[in-house]
K.L.:
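Starting off with a structure, shown below.
Residue indices begin at 1 and follow the sequence shown.
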Amino acid sequence: MVGPTDNVAMTAAQLLHAGKARNIGEAIVQARGLLDELASPSFATVRKHLEAISQASIGMAAWQDDRLRRLEALEELLQTIAYLAGDCTIYVTGRSAEGRIDQTDSASIRVVGVDSPSMLMDALEAHGFPPMEVSSLATLLGSMTVAQVQDGMLDARLLFLPDVPAAHLAKRIADDRPVAIVGLEAFSEHIENFRSTTAP
């Protein structure tokens, strides 16, 4: 028997798939209103339903191709940053560090040791990336620059950090909780492994 929490998760996933919600949080709020339920599912449960809906809608092969193109778009951004700022260290964190990337959230990237984030953003735009939305984030290291870049299959959030030990740890900069983290080389290996497991 499906409970109210799972019903909310399923409805939220359907709203996301139909493009009627911009993110998981918004989809859950809408689903609770539609179903007149107070239950609040985890984001992971909503993502699991969305994945199943997407696979059923477009087929497994097309779904895997979509995921691969998102991974490759992110890899291109990372490689461009590495080329433009050779002295910096780049990490992919969170779900994206495990190769799990979809339309529900921006990929989280740490760019460590860049002296001038604005100059790097200008250089990225000169290399064909769109203008970025710039904001700041309160972290354990103080207020840090964040740049949001969206372009087709690419949706990434760049967090610029000083080259200090905490920036290299597998812990969230905002609250010190554990988080998955991989460097550019390991992320590229994720993509290659995904290609090899999905090749016809």
K.L.:
Kindly compute the distance separating OG1 (Thr93) from CD (Glu98), expressed to the nearest 0.5 Å.
P.N.:
10.5 Å

K.L.:
Would you say that Arg47 contacts Arg95 through its side chain, given a criterion of any heavy-atom pair below 4.5 Å between the two side chains?
P.N.:
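SC-SC contact between Arg47 and Arg95 confirmed.
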
K.L.:
Would you compute the distance between atom CZ of Arg67 and atom CD1 of Ile191 and round it to the nearest 0.5 angstrom?
P.N.:
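Those atoms lie 10.5 Å apart.
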
K.L.:
Please check if atom CG in Asp163 has more than 12 non-hydrogen atoms from other residues, nucleotides or ligands closer than 6.0 Å.
P.N.:
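For Asp163, atom CG is crowded (more than 12 foreign heavy atoms under 6.0 Å).
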
K.L.:
Give a yes or no on this: more than 12 heavy atoms of other residues, nucleotides or ligands lie within 6.0 Å of atom CD of Glu133.
P.N.:
no

K.L.:
Okay, side chain of Ser196, backbone of Asn193: is any donor-acceptor separation there less than 3.5 Å?
P.N.:
yes

K.L.:
More than 12 non-hydrogen atoms from neighbouring residues, nucleotides or ligands closer than 6.0 Å to CG on Asp36, yes or no?
P.N.:
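No, CG of Asp36 has 12 or fewer neighbouring heavy atoms, counting only those of other groups under 6.0 Å.
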
K.L.:
Is there a donor-acceptor pair closer than 3.5 Å between any side-chain N or O of His190 and the backbone N or O of Ala186?
P.N.:
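Not a single qualifying donor-acceptor pair exists.
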
K.L.:
According to a 4.5 Å side-chain heavy-atom criterion applied to Ile, Leu, Val, Met, Phe, Trp and Tyr, with indirect links allowed, do Leu124 and Val112 form part of one hydrophobic cluster?
P.N.:
no

K.L.:
Indicate yes or no for a side-chain donor-acceptor contact from Arg32 to the backbone of Leu38 under 3.5 Å, with no hydrogens or angles considered.
P.N.:
yes

K.L.:
With the threshold set at 4.0 Å, does a side-chain nitrogen-carboxylate oxygen contact exist between Glu192 and Arg195?
P.N.:
yes

K.L.:
Flag the pair Leu158 / Leu77 as yes when at least one side-chain heavy-atom distance between them is below 4.5 Å, and no otherwise.
P.N.:
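Contact flag for Leu158/Leu77 side chains = yes.
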
